[in-house]
Structure formats: C-alpha cells, structure tokens
Amino acid sequence: MHRIVEIEDRILETPSTVTWRFPYAEPCAPGQFVMVWIPGDDELPMSLSYTDGPSKGVTIKAMGPTTRHIQSIPAGSRIGVRGPYGNQFDATPRRLLVVGGGSGNAVLAPGVERALRTGAQVTCALGATTERELLFSERLAGAGASVEVATDDGTAGTPGFVTVVAQRLLAEGAFDAIWTCGPEVMMRKVAELALAYGIPGYGSVERHMKCAVGMCDACSLGPYHVCLDGPVFRTEALLSLEEFGRTKRDPSGRRVPL
Amino acid sequence: MHRIVEIEDRILETPSTVTWRFPYAEPCAPGQFVMVWIPGDDELPMSLSYTDGPSKGVTIKAMGPTTRHIQSIPAGSRIGVRGPYGNQFDATPRRLLVVGGGSGNAVLAPGVERALRTGAQVTCALGATTERELLFSERLAGAGASVEVATDDGTAGTPGFVTVVAQRLLAEGAFDAIWTCGPEVMMRKVAELALAYGIPGYGSVERHMKCAVGMCDACSLGPYHVCLDGPVFRTEALLSLEEFGRTKRDPSGRRVPL
Amino acid sequence: MAELSVEIAGIRLRNPLLLASGIWGESGQSLAGAWDAGAGGVITKSIGSEPRPGYPNPTVEEFGSWGMLNAMGLPNPGIAEYPREIAIARDRGALVIGSIFGGTAEEFARLAREMEATGVRALELNLSCPHAEGFGTEIGSTPQDVSDVVRAVVREVKVPVIAKITPNSADPAGLAVAAEEAGAKGISAINTVRGLAIDTTLARPVLAHGIGGLSGPAIKSVGLAAVWQIYRKVTIPIIGVGGISNGIDALEYVMAGARAVEIGTAVAHEGVRVLGRIVRELDDTLTERGVARLADLVGAAHRGFNVPTADARP
Amino acid sequence: MAELSVEIAGIRLRNPLLLASGIWGESGQSLAGAWDAGAGGVITKSIGSEPRPGYPNPTVEEFGSWGMLNAMGLPNPGIAEYPREIAIARDRGALVIGSIFGGTAEEFARLAREMEATGVRALELNLSCPHAEGFGTEIGSTPQDVSDVVRAVVREVKVPVIAKITPNSADPAGLAVAAEEAGAKGISAINTVRGLAIDTTLARPVLAHGIGGLSGPAIKSVGLAAVWQIYRKVTIPIIGVGGISNGIDALEYVMAGARAVEIGTAVAHEGVRVLGRIVRELDDTLTERGVARLADLVGAAHRGFNVPTADARP
Ligand SMILES: Cc1cc2nc3c(=O)[nH]c(=O)nc-3n(C[C@H](O)[C@H](O)[C@H](O)COP(=O)(O)OP(=O)(O)OC[C@H]3O[C@@H](n4cnc5c(N)ncnc54)[C@H](O)[C@@H]3O)c2cc1C
Ligand SMILES: Cc1cc2nc3c(=O)[nH]c(=O)nc-3n(C[C@H](O)[C@H](O)[C@H](O)COP(=O)(O)OP(=O)(O)OC[C@H]3O[C@@H](n4cnc5c(N)ncnc54)[C@H](O)[C@@H]3O)c2cc1C
Ligand SMILES: Cc1cc2nc3c(=O)[nH]c(=O)nc-3n(C[C@H](O)[C@H](O)[C@H](O)COP(=O)(O)O)c2cc1C
Ligand SMILES: Cc1cc2nc3c(=O)[nH]c(=O)nc-3n(C[C@H](O)[C@H](O)[C@H](O)COP(=O)(O)O)c2cc1C
Ligand code: FES
Ligand code: FES
C-alpha cells in the first residue's frame, strides 16, 4: 500500500541532485529501496540514502523527465511511498572498500555509516563527472571513512575514472569486502577487480521496475529479479550474466543496450 | 470459517438427546454457542455443553427433522463447526440458583461446573418431562452441586413444573444470582421470581439463526440480536420485551407464536 | 464539525451513511436501532410478494476479516406482513428506504405501490442479487431488463426510485444509464459479487445454495470501480456500497462519485454502532483536513484525472 | 506420492500448476525459472503485435496480504522480439503456452500463427484484461465476440486453443460455451476483477490508469464460482485461476471443475518457489487423504449436490 507522506526536508546536494527526507516508520536497511510516487507523474524506484530513525531519505539525480521535475518540487509536497523492498548490503565487513560513482554514492552512504558505527574501517573511492556533482564525500568523511575522490574533468581529486583510484587502493591495502554502485561499466570493472584480488564484492544494480514485488518481470536480470533477489548482488554473480554492463530491458520488456 | 471436525465421541444422554464431543481448539466459555453444520443437511446453533480443554461438546435434543437425523449420526462422522459466538454466563456468583428445563440443562451445565470450581455454592433445580429425559442431573450432582429434580409426570423428584421447586428454594435459601434456560414460558416464570426476590437473573434464549454474526436479523428479539447481544440476557431485560415467552420469528422473518 | 448532510434523489440525509439492504432489515426495531446508532437512513431487507424462508443454512461463510460469502436466498416476511415493521421504524423517526425484489416488471410495480403506501421516502430496486434463481441479477443483467423494471415502477409511484446495480456485468455503467433513462432518481452500486467456497475435506460447496455473493473489504475496489465508471455516465446521484468499514473507505466512495454510501458487512460482529463510528471518523477526517462540506468532495478524484495510454512512453 | 499429472487440451502436464500469464512472463529465463521451480507448464505474458510499454507507474497497489490491484497495460516486447524468449525457455525443457491479445479477430489470428511458430504447445487467448482500452474484456465481453475470435484463431493454427474468460460478466459460463462451440479446446477462468483504489489525501486514483484488475485471495471465491458454473455447461477442460496460494486453494478449484490451475499473485514476494511449495502441499494433502490420482477429483464437489430452493422450508 502506498503511504502518503510530506517531504519534511529538501536538500540540494549538487546542481542535479536533491535529497528528500520524509517520515516513514517502516524499518529499512542500507541497500533497500522504496517506490516513490510523484502524484500526477511517475512512480520510481529509489534506494534509501537515509535508513535510520523515523525520517528516511532518498537522493535523486535528474536523469529524465520525472527526476528532472523532482528537482523543483518544494518541501511540504506530498509523495507516495511503498516499501522498503529488496535485500541489503552485508552488515559484517571489517575492512571495507567502497567504490561509488554518481548517484551510486547515495545508495552506498547509509551502509558505510552503519559499517563505521559497528567499528569497521571503511575506505571510499567516490567518483563524479565534476567537483560540483560529487555526492556525499563530506558526509562519509565526516562519519569517519577515509575518502578518496576522482572526477572525470579533474576538478577534484584524481582526474579520470574512480576505478583507477580503486585499483590503487586495492594494490596498497587489505580489504575483506568491496561494495560498489554506479554506472554498470564502472561496476563491471570493480567486479573484475574484486575477482582479481579474491575479495567478495557486492554491487547494487538498477533495472526498470514496475511492481517491485517480484511479479511483473520488468526488472528481470538473467535468472534474477532485481526487486526480489537484489538490488544488491554478489559481483561474481553479476559477472556471469551476459546482460550485466551491456543490456537492460525497456518498459516493454525488449532488450536494449545499456 | 467452518472447521471440519470428526465426532470423536457420541453419548446417548436420553432417548431423545445425544452429546457429540469433537476436537475444537478455539477458546470457548460457558453460555456461548457454535453453529454446527451437518453436511448435506442443515446448520444449526447449539450451545456448548462442554467448553473446557481441546475437546468441546454439544448436546442435541430431537426437535425437528435435522435434530432427529442427528440422533442417528455415528461417531467418526464429519461435521462443520464455526464459532464460538455470543456472550457467556457471569463468572462471579457465590451462591447460585440454577433453574433448567429439558435441553436447557445442557446449556447451563458447563457454567455450573465452572462456578463450582471457583468455590461457588450451586443449587440446581432441573426439570424434564419424565425421568428418562432428565439431562445432566448426575453430572452436576457429581460436580458438587446440590440438585433437586422435577418431572412433569412425577417419575422422578417433585411432580410438576421445575419452577415450583425453584420457588421453594428461593423461599428457603439466599442466592446472589439465578441462571435459567429452558422453554420460554418456564424462563418467564423464573424471571418473575428473580424480580420478586430482587436477585439478578440471567437467561439463555433461543431464536432462529442464520448468520450468527449479527448481520442478517434472523435472530432479532426486540432491540437485541440473540447471536450478538445474547444468548444470555438479564431476565429483567427479557421481561420488558413483549415478545419474550410469546412470539418468535420464523425463517422468513414473520412473527409467529412461540 | 464538518457538514455531512447530503441530498440524494430529493431527500436530505443527516449524513451519508445508509444501512444496506439485507442487514438488520427484517425487524422494525432493528431498523430503528440502526437509525438510533447514527445512520443517515435505513434500507429495508428486500421484500417480495410472499413470505420466503430463504435457503437452508449454511447461508454465510466468513473469509478472515476481509470477506464474507452469503446466500441467504432473499428471506423476507412478504409485503403483506412487512408494513408493521416499517411503522415501528418510522415511529422512532427513522428515514426509511424500502427495498423490493420481484420476478417481473409487473411484480416490481405491484410491490412498489404497496411499499410506497408504508410511507417509505424512496424505493430501492434490488436488480442485483447474485444468487436467487429468477430474481436479482437474472432480471437486472441487461440494460433492457433494468429499463423495463425501472420504467414500470416509476409509472406507479411518486417517491424517488433508486436502482441497485450488479457488479456482475461487463458494463455496470451501461445498466446505470438504462436506469437513469427509464426515470430512476438514483443508482446504488454495488450488490455482492458472485462467489463460491468449497470445503475440500467434504468435497462440497460450503453454502447450502452453492453460489453466493462476496461482500466486505474484498469487494471495496470492485464497488469503487463501478461507482467511478457510473459517475462518468450518469447525472443522478450514486450511492456507493461494498466493503466500507471505516471513514476513509466512505471517503474513497465519495471521491469516486458517490453522494451517499451503504454499510453492510461491517455491521457483522460489531453491530450497528459501526454506523456511528464511521460517521465520527468521516467527520474527524474532514475536520482535520479543513473540509467544510462533504458534498464538495463528491467525484473529487475525477477532477484533473486523465486516463493515460499504454503508448505514452517509448 | 499421489499422481498429479493431468491432461488438458491433449497436453499432458507433469502437474496441474501453470504459471499464470503476466507473471514472470517477459523473459525466457524467468519462464525457465518457473519451470525449474516445479511448474507443470508456463504461460507467457500476453503478447501483442507491437512492442508496448504499458501504463506509467503506479501500476500496482497491494491490499494487505489478501488482494492486489494492477493496471500494467499489457506491456510486452511484441511478437517480433518475443520468439527468442520462448526459445530460451524451451531450450531449458519448459512446457510453454503462448498467450496473445489483439484488438480484432484478425489480429488475434495473425498473432496466433506467429506464436504457434515459436513451438508453444498451446495458445491462451486473453479475452479478459479488465483495464486495457480496446483489448481484453472489451473484446471478450459477449459470446459473439468470444466466438468470433476463437473461430478465427482455431482456423489458423494446429495447437490447441484455450480461451481465457473474464469474470466481469453476467454469465461467464455463456462466454465459455461460445468458446467451446467455436472450437476452443480449453477454458481458463478467470482474469482479474475490475477494481479501483483511491487515495483520499490526494483525491485521486492510486494507479496511473485509474481502473485496474483485482487479483489474489480476494477473488478466489469469484474464480471458483466461474469455474463451477462453466463446468456445468462445457465438456472441454477448465483451467482455474484466481487467488490460489496454497494446495488447498488449488484443490478447491479442482473440485469445482478445474483440471489444471494457474498461479499469479502468489508469486509476489515469494517468487516462483511458491509453485514448488503448492505442488508439494497438493501431493501431501492427497497422500494424507488416500487419494491416488488428482484427476479423479475434478468436479468432485458437483457430485450429489443439488441447489435447494428458497421455499424448501415453511
Ligand atoms: C533499485 C533501484 C534504485 C535506484 N536508486 C536510485 C537512487 O537512489 N537515486 C537515483 O537518482 N536514481 C535511482 N534509481 C534510478 C531511478 O529510478 C531512475 O533514474 C529514474 O527512474 C529515472 O526516471 P525519469 O522518469 O526521470 O527518467 P526516464 O527518462 O524515464 O529514464 C531515465 C533512466 O531511468 C530509467 N527508469 C525510468 N523509469 C524507471 C523505473 N520505473 N525503474 C527503473 N528505472 C527507470 C530509464 O530506463 C532510464 O535508464 C534507482 C533505480 C533502481 C532500479
Ligand atoms: C443460541 C442457541 C442455542 C441452542 N442450543 C441448543 C442446545 O444446546 N441443544 C439443543 O438441542 N438445541 C439447541 N438450540 C435449538 C436448536 O438449534 C433447534 O432445536 C434446532 O435448530 C432444531 O432444528 P430441526 O431442523 O431439527 O428442527 P425444525 O423442525 O426445523 O425446528 C424445530 C425448532 O427449532 C427451531 N430451529 C430450526 N432451525 C433453527 C435455527 N437455524 N436456529 C434456531 N432455531 C432453529 C425451529 O424454529 C423450531 O422451533 C439452540 C438454539 C439457539 C438459538
Ligand atoms: C447477509 C447479507 C444479506 C443481503 N441481503 C440483501 C438484500 O436483501 N437486498 C439487497 O439489495 N442487497 C442485499 N445484500 C447486499 C448488501 O446490501 C450490499 O450491497 C453488499 O453486501 C455489499 O456491501 P458490504 O460489503 O458493505 O456488505 C446483502 C448482503 C449480505 C452480506
Ligand atoms: C501483474 C499482473 C499482470 C497480469 N498480466 C496478464 C496478462 O498479460 N495476460 C493475462 O491473460 N492475464 C494477466 N494477468 C491475470 C493473471 O494471469 C490471473 O488471471 C489473475 O491475476 C488471477 O490470478 P491470481 O489471483 O493468481 O493472480 C495479470 C495479473 C497480474 C497480477
Ligand atoms: S519490478 Fe516487477 S518483478 Fe521486479
Ligand atoms: S443470526 Fe443473523 S443476526 Fe443473529
């Protein structure tokens, strides 16, 4: 059932990304997502960027018509929320490497905070196209993570892809687990690194979603359904899928290039 | 929902009355009734004559086609049961007078046993047409009640109506409450006695039942519904009803003489 | 305190909650009890020409707390006996609507005359009982049937006539349109949805009649769909029925297009005090949301709503 | 171990549980997954002539654990793209039934030819989607429509044709009879029941399309009633659908007259392992009750059952 809630807080994170905080009593875990309904517009899957306490949050990047429209919706507006759905990030790593890109950082953030609270050592490699688009690097550094940054245009941190930073961190330090979320080409690279270093990897994946409860098949990914078996998968499992990083299904169910 | 159960025990109580014991896990209280479905035949309201433990019981007197058919149904047969429905006898009297007639004794029995277990003094005046039809006098005497009997034909106890015995008991002893169940003319007399002696009276009443959940209006009795507000009523309330002891409704809802 | 009174078919109701037909409707004292409990009006059991005992038990099967199947078989004391029950309810001040059922348009017309004479404020025609051979849905399943019955009744009586429509139809709105064109002053939607339950240990239907009608929360969305579609096709007021058990449910119906609602299955277990509770919930909700008049919300969910096409996206 | 295999429309199923159309039916790997989980067969998503994205979200609203409303809008990749998905499922050994929908009898016939060419073992015609403008119920709501479509399809293909019937009808059995007379070799009943949900704080329908279809436990009794009535009118096998979520539910359908059943909404949250669970429950129940062959129970609830009259009692 949809619950109608008011956006209590609206934070402009970057020029193209907004966070909404809203009251939502359901227990939620890092990695899980909710379906967010903009009445009169679409309903979209959004990972929770804040999972603790009575007030949950999502962080939304402008990608198409609805997510662009979302950027201008004021606090106090009403939205529909259902969920949480899906699985969560493993709660037990001790030395954790996190590799995020773009809005993927928002998906990873609450899990990083939880890991830090339970005493883990967390190193984050966070990527963005440009400095102003960099998401949650301060939030995670403030929480106690060691944060390295990469931007495509070199306006902050290492110039180039975040995977390069990740590769260096893996060469330098020891990790028990790698978490990743971002563009699939990036995640494929991280998955390959995890394999090469023999470290368990976990990646949060996106596919088109409609029902979110494992019925309509919209989100099928190989033998899996992202809404039911994911969104967090072992990167080994992802690597074995011919679709991963290459194709997805459009709303009609046709396979299209990613 | 109907639960289908097997009759585990079948006891011929009198030539016209049979008791069925059956497994039924729902908690039940003295005074409450269940709907008993004879597959292929009717479904009828029956007060519980055994309310404790995993095995409940009903005691059924042959009155018409279905209750006659019931007398010959063997143990091991399957019946449908739903409920329990309705309210219960007051659980707190200390000195209790019980006035039963015919199959009404079965309705009163589990309440008497409960009262005795909680330390009450119980005096029972039990009536029947004839000795062989007398129901549960040994059961209640065995449980510790002081039992007096009346039969219409004088084959046992005081000849004549049980209300005469009740009147004598009321004149002799002191009581905190009177319970009654039997033909309505008998109950009306008991209700008047309760009023005259200023003792709270409770009577269990029958009306035609269909839904048993307070919806169809079949069991309406003045402003009450026997399935919802009863079957146990304060006798004062019953006395105030023009219908009590005089008319009932047939299955079509027409008022007919009792 | 929000203004809850509404007008349907020229009758002002103190609030939009009506006791549904077949619930607490055989006895005048029960009808009066529902009125005293806070109903805006009470609808009688559907009354026919002759006393009718209905089907044998089991007549009811409950599904959890979200549904109920019944096949009562239209038991009723018959139109000759029934006026005394209505008199009891009217003497207590109740606003009574008389429900009738018949096998032909002529029978409906005859019953309507007799029912009108009891002083009821309106008639509800049961064109929609899903389990009575020869009555109900069988006579109300085509626009032509609905039209014939409504026309015959309207000719005979002065009180407003409300047609109660079945959901067991490809097009409930088409039935409503037929009723409006034939002179009905209101539409009630819906009656129960055709259903069946089987006990697998006995390998037989649970209800003595086999087929019955589903009611309760399970059919709320079905009733809402019917009211929604009917609202887009007729101008006479609609009375929403089906699965209402709290104030929000009632409000859903109002926003779908209902001007009043009926409460049936929710009376089970709780009794008619459920009517008072729902009135209070409705009042509290409106007050909380700053809505002064319930009537302003009738059909509110239609405003600004456009049906999207399946080709709206790439 | 009871014998669970059944024959429908000349096809032997290893057990009577089919994955319902529209559930895990867009991708070949999902169909294969349902087969691997234990289904007796899998039915594809209803496929049309062109790729169709379906309606915008929200497309689904859940009611507790007893009901679900959906208006997907028949999204599908189109018949040109779909054969590769069927090939994946067939390569894994799955028994696949192809579901199609169209706007006219001719379109159905054309799709049927193309679907048959993919190697499906039977066709299911979706004559019953309650929320797709111009398709589904709109084309399957009269016996004439059903007859026209079935006849056109049967002429074109060799595989058996199964007509999926709507419950949103005064007489689902009449639709089934029309399908049988037109050459259908099986009847599936039912599709979803027309429904609507409104959010009262927003004063608007919850689903983007407004009207949707109700599924899940709420409609089990509705599906059972349809199967019951159809069984009394046709001789071809019936596939029961609607609200089945355990072995007893499936058995109710079998006793009402179904030779096989489809599982839809029960897949939600649990995934297709629900199919394996229901097969096991069915097997355990039969074994416990000493029934050797499920097929012997088809229609068992009809034996010895007589509809009583309402005048059976004084
Ligand atoms: C599990 C999950 C979690 C997500 N978490 C976040 C998040 O935390 N922050 C964030 O900014 N984005 C997240 N997304 C992606 C987000 O849902 C899409 O960016 C958004 O739906 C785009 O919608 P649009 O209408 O603006 O764009 P469109 O122009 O419609 O599409 C832009 C992109 O979004 C995809 N998209 C559109 N509708 C859906 C849908 N119903 N389901 C999935 N993808 C869709 C399109 O396929 C396309 O790739 C998540 C997606 C999934 C599946
Ligand atoms: C709350 C309640 C508790 C009861 N408890 C007992 C009990 O413990 N033992 C017992 O022997 N009897 C009990 N009865 C009475 C019993 O239900 C009837 O005697 C029985 O229904 C008769 O059915 P029949 O078909 O054999 O007779 P019929 O010939 O049909 O009728 C004989 C009498 O029973 C009445 N009756 C028939 N059907 C019903 C019905 N559905 N509901 C109510 N009355 C009906 C008739 O009106 C008539 O007065 C109880 C009744 C009620 C309402
Ligand atoms: C036990 C019962 C008896 C009913 N009898 C009648 C009736 O006599 N006439 C009628 O028009 N509707 C009858 N109905 C239908 C209700 O009036 C109502 O339309 C339906 O139950 C849906 O509403 P609900 O979900 O609130 O019960 C009956 C329903 C029930 C449950
Ligand atoms: C999300 C969803 C999508 C569906 N899509 C189709 C479809 O494409 N074709 C079809 O014939 N039925 C479709 N149906 C109907 C189901 O096949 C089934 O008939 C109905 O849901 C009742 O069964 P259930 O209660 O087990 O779900 C769909 C149902 C749901 C819930
Ligand atoms: S979104 Fe429907 S199956 Fe995942
Ligand atoms: S038996 Fe139906 S109201 Fe009591």
Side-chain angles (χ1 to χ4, degrees), chain B residues 1-6 34-46 64-66 77-83 85-87 207-230 240-243 247-256, chain C residues 20 22-34 36 44-45 47-48 50-64 68 70 72-78 80-82 84-85 197 199-208 215 264-272 274:
Chain B
M1 221 197 65
H2 288 85
R3 249 158 281 227
I4 306 300
V5 300
E6 264 185 26
V34 288
M35 294 298 284
V36 177
W37 174 31
I38 319 302
D41 198 333
D42 211 342
E43 180 206 44
L44 302 169
M46 287 291 155
T66 307
S77 303
R78 280 184 298 199
I79 55 170
V81 179
R82 60 186 175 102
Y85 298 116
N87 63 0
R207 281 298 178 274
H208 197 88
M209 284 195 181
K210 295 182 177 183
C211 73
V213 293
M215 194 168 58
C216 72
D217 218 24
C219 71
S220 76
L221 172 68
Y224 305 116
H225 290 86
V226 174
C227 66
L228 210 60
D229 307 303
S240 75
L241 301 175
E242 133 204 30
E243 303 163 44
T247 63
K248 61 174 185 175
R249 286 173 193 269
D250 73 7
S252 77
R254 266 181 308 182
R255 296 170 196 239
V256 294
Chain C
I23 315 299
W24 282 47
E26 264 170 28
S27 118
Q29 275 193 276
S30 294
L31 291 173
D36 290 345
T44 69
K45 176 81 199 163
I47 303 298
E50 299 293 330
R52 200 177 136 100
Y55 301 131
N57 283 343
T59 43
V60 160
E61 173 78 342
E62 289 188 88
F63 306 129
M68 181 179 283
N70 92 81
M72 309 307 297
L74 292 170
N76 78 94
E81 286 262 347
Y82 199 66
R84 59 192 276 193
E85 306 294 345
D199 182 85
T200 62
T201 56
L202 302 171
R204 59 179 302 134
V206 175
L207 301 188
S215 64
T265 303
V267 169
H269 301 289
E270 190 171 349
V272 286
V274 71

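Computed over heavy atoms, backbone and side chain alike; hydrogens, waters and symmetry mates excluded.
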NZ/NE/NH1/NH2 to OD/OE distance under 4.0 Å, C:E26 and B:K210:
no
Identify whether the distance between the nearest side-chain nitrogen and carboxylate oxygen of B:R249 and C:E81 falls below 4.0 Å.
no
Where does B:Y224 contact chain C at under 4.5 Å (heavy atoms): side chain, backbone, both or neither?
neither
Contact class of B:D229 relative to chain C, heavy atoms under 4.5 angstrom
neither
Considering non-hydrogen atoms only, spot the tightest contact between [X] and [Y] and give its length.
{"X": "C:W24", "Y": "B:D217", "value": "C-OD2, 3.3 Å"}
{"X": "B:E43", "Y": "C:P58", "value": "OE1-CA, 3.6 Å"}
{"X": "B:P39", "Y": "C:R204", "value": "CB-CD, 4.1 Å"}
{"X": "C:A268", "Y": "B:M215", "value": "CB-SD, 3.9 Å"}

Looking at [options], which has the largest count of heavy-atom pairs under 4.5 Å with chain B?
{"options": "C:V267, C:T265, C:N76", "answer": "C:N76"}
{"options": "C:E61, C:M68, C:E62", "answer": "C:E61"}
{"options": "C:S30, C:G22, C:P75, C:G33", "answer": "C:S30"}

Got more than 12 heavy atoms from elsewhere within 6.0 Å of CD, B:E6?
yes
Apply side chain to side chain contact (heavy atoms under 4.5 Å, CB included) to residues C:D199 and B:H2 and explain how you reach the verdict.
CA-CA 9 Å; C:D199 182 85; B:H2 288 85; 5.8 Å; no
Supply the atom-to-atom distance B:C211 SG to C:M72 CE, rounded to the nearest 0.5 angstrom.
6.0 Å
Distance from C:N57 atom CG to B:M35 atom CE, nearest 0.5 Å?
4.5 Å
Contact leader toward chain C among B:R78, B:R82, B:M209, B:H225, where contacts are heavy-atom pairs under 4.5 Å
B:H225
